[in-house]
Amino acid sequence: MLRAGFDSLLSLVMFLIFTGFAVAALVFAAMAREDAYRAAEKQTKKFWLIILGVNLALNLLFPMLFLQIAGVIAAIVFMVDVRPALAQVSGGGGRGRRGGGSSSDGPYGPYNGGR
């Protein structure tokens, strides 16, 4: 009886994690500009919105483990491969730096040439 409770709790946690990750990937895909997908030489925005939207819908309508795993793989591919490429071509760079900065700035501040 205790095992059944643990299994249902584990299923609920996995469902929440996979669904949250699917929502995050879909939001990031929707926020990126269409031309950034072309510039990054990735699939189109429409393609990723369909894939990630279907993933989310299947997660919500049919919470079966094999569908969740297939969906989380698609979301992982987007978050690990496509999203950084979109940030790079959009000027985000993914470094979290705000403001201009110069071309001589290093990771710890301006490079002064050893002076």
Problem set entry | Flag if over 12 foreign heavy atoms under 6.0 Å of CD, E41 | no

Problem set entry | Derivation of the side chain to side chain contact (heavy atoms under 4.5 Å, CB included) call for F78 and L86 | CA-CA 10 Å; F78 178 83; L86 295 174; 4.3 Å; yes

For this session: Mind jotting down which residue pairs meet the salt bridge (Lys or Arg N to Asp or Glu O under 4.0 Å) criterion with at least one end in residues 61-89? Sequence neighbours excluded, please.
Result: K42-D81

Exercise. Of all heavy-atom pairs between N59 and A22, which one has the smallest distance, and what is that distance?
Worked result: ND2-CB, 4.2 Å

Exercise. What pair of heavy atoms forms the shortest contact from A29 to K45, and how long is it?
Worked result: O-CE, 3.5 Å

Problem set entry | Where I51 and A74 come nearest, the two heavy atoms and their spacing | CG2-CB, 3.9 Å

For this session: Heavy atoms only: give me the nearest Y37-Q43 pair and the separation to one decimal.
Result: CD2-O, 3.2 Å

For this session: Kindly write out the residues that satisfy side chain to side chain donor-acceptor pair (under 3.5 Å) with R38, not counting sequence neighbours, or none if the list is empty.
Result: none

Exercise. Distance from L67 atom CG to L61 atom CG, nearest 0.5 Å?
Worked result: 10.5 Å

Exercise. Is there a side-chain contact between N55 and F18, using heavy atoms and a 4.5 Å cut-off?
Worked result: no

For this session: Side-chain contact test, heavy atoms from C-beta onward, threshold under 4.5 Å: evaluate it for L56 versus T19 and give yes or no.
Result: yes

